[in-house]
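First comes the structure, then the notes that go with it.
Keep in mind it's a predicted model, so treat the numbers as computed, not measured.
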Amino acid sequence: MDRYLVFGHPVRHSKSPFIHTLFARQTQQELEYGLAEPAVDEFAQALRTFFDQGGKGCNVTVPFKEQAFTLVDRLSPRAKRAGAVNTIKLTDDGVLLGDNTDGAGLVADLKSHGVTLADSRILLLGAGGAARGALAPLLAELPSELVIANRTHTKAQQLAAEFHDLGPVTAQAYEQLAVPFDLVINSTSASLQGELPPLAPALIHTDIAIYDMMYGASDTAFISWAKQHGARQTMDGLGMLVEQAAEAFTVWRGIRPGTKQVLRELKRNLGVI
């Protein structure tokens, strides 16, 4: 039976085995999917051992995505742009192909919620790996403007300059943000600590769409804050998790699984519904 894993540290909380088991059942694919939690300095060896022992593919999560980028034989265009790898496939000719499905998962989830990206003004909070993975897929949807805001402004400027060839992307300091946005995406991990990006409440209006890449059994701190200030459409990253997994499954197996029922089952598993 074909074997797949998710590598992370920590990783025991991961919902990837749950999701991919449902995908396999739905598409009648025979595979098993497990967890691997090597020490931070033992990831490279663990990855090699997995594929030497017949592994077919894996997902890679924190803190190994940047390291995986350096360990594969070949990179997909979106992995090159992201500077990180979250999906690895052993090809038929024995090549380890590194891909990044995070941004595609984000865009798919936004569209499933009816969010219009074309000609929209998008504010992306954060300039780390999650933001980097999202930029190219977001710009491919042809927004009228994409603004990056980050606590360290120079990091946002560097990221905007790197992706400027793909579309209208700029960097602004938090205190400079003034013009209303159609969509705000929080790519920071602040919600995991119950913290908030320093965003002015005046930027929130009733027609804005709010997206937090983090998720939990209840609203994240950022979503709660946005609701308090009048946002009517708010979304967390649970759908992105399922959509990026579906993209990875497609890379591995060549068949696209449906996501709606799997997302419902995942919410039930987490006690969200």
**Prompt:** Out of Leu263, Val242, Asn269, Val262, which residue meets the side chain to side chain contact (heavy atoms under 4.5 Å, CB included) rule with Leu22?
**Reply:**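 Filter result, single survivor: Val262.
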
Are the side chain of [X] and the backbone N or O of [Y] linked by a donor-acceptor pair below 3.5 Å?
X	Y	answer
His205	Asp207	yes
Lys89	Val251	yes
Asn86	Asn59	no
Glu37	Val11	yes
Ser224	Ala221	no
Gln244	Leu241	yes

Roughly how far apart are [X] [atom1] and [Y] [atom2], rounded to 0.5 Å?
X	Y	atom1	atom2	result
Thr188	Leu124	OG1	CG	10.0 Å
Arg74	Thr91	CZ	OG1	5.5 Å
Ile255	Thr27	CD1	OG1	5.0 Å
Glu145	Leu139	CD	CG	11.0 Å
Thr61	Asp102	OG1	CG	8.0 Å
Tyr211	Phe222	OH	CZ	12.5 Å

**Prompt:** Please walk me through it: do Tyr4 and Ser16 pass side chain to side chain contact (heavy atoms under 4.5 Å, CB included)?
**Reply:** CA-CA 10 Å; Tyr4 296 85; Ser16 292; over 6 Å; no

Can you find a pair of side-chain heavy atoms, one from [X] and one from [Y], that are under 4.5 Å apart?
X	Y	value
Met240	Met235	no
Ile210	Ile204	yes
Leu47	Phe64	no
Arg78	Glu247	yes
Asn186	Val184	no
Leu31	Trp252	no
Leu270	Leu238	yes
Leu177	Leu123	yes

**Prompt:** Is it true that Glu265 and Arg25 make a salt bridge, defined as a side-chain N closer than 4.0 Å to a carboxylate O?
**Reply:** no

**Test log, rule side chain to side chain contact (heavy atoms under 4.5 Å, CB included), inputs Leu166 and Arg81** = CA-CA 11 Å; Leu166 296 186; Arg81 271 292 185 177; 3.7 Å; yes

**Request:** Would you check, one step at a time, whether the test side chain to side chain contact (heavy atoms under 4.5 Å, CB included) holds for Trp225 with Leu199?
**Result:** CA-CA 10 Å; Trp225 175 85; Leu199 197 64; 4.0 Å; yes

Counting neighbours of [atom1] on [X] that are heavy atoms of other residues, nucleotides or ligands and sit closer than 6.0 Å, is the number greater than 12?
X	atom1	value
Lys56	NZ	no
Gln193	CD	yes
His113	NE2	yes
Asp93	CG	yes

Give me the atom names and distance for the closest heavy-atom approach of [X] to [Y].
X	Y	value
Thr152	Asn150	O-ND2, 3.0 Å
Ala79	Gly98	CB-O, 3.6 Å
Leu5	Tyr33	O-OH, 3.7 Å
Pro143	Pro168	O-CG, 3.5 Å
Ala68	Ile88	CB-CD1, 4.3 Å
Leu203	Ala178	CD2-O, 3.7 Å

Between [X] and [Y], a side-chain donor and acceptor under 3.5 Å:
X	Y	answer
Thr49	Gln45	yes
Asn100	Ser76	no
Thr87	Asp99	no

**Item:** Option from Asp236, Thr234, Asp212 for which side-chain hydrogen bond (donor to acceptor under 3.5 Å, both in side chains) with Thr220 holds
**Value:**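 Among Asp236, Thr234, Asp212, the one meeting side-chain hydrogen bond (donor to acceptor under 3.5 Å, both in side chains) with Thr220 is Asp212.
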
**Message:** Does Leu90 form a side chain to side chain contact (heavy atoms under 4.5 Å, CB included) with Leu96? I'd like the steps, not just the answer.
**Reply:** CA-CA 5 Å; Leu90 180 66; Leu96 288 185; 3.8 Å; yes

**Message:** With salt bridge (charged side-chain N to carboxylate O under 4.0 Å, His left out) as the criterion, how do Glu243 and Arg256 come out once you've worked through the C-alpha distance, each side chain's angles and the decisive distance to 0.1 Å?
**Reply:** CA-CA 10 Å; Glu243 293 291 349; Arg256 181 86 186 187; 3.7 Å; yes

Same hydrophobic cluster for [X] and [Y], using side-chain heavy-atom links shorter than 4.5 Å among ILVMFWY?
X	Y	result
Ile185	Val115	yes
Val6	Phe249	yes
Phe69	Phe7	yes
Phe43	Leu35	no
Leu138	Val169	yes

**Request:** Can you label the angle between the Phe23 ring and the His20 ring as parallel, tilted or perpendicular, going by 30° and 60°?
**Result:**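 Ring orientation, 0 to 90° scale: perpendicular.
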
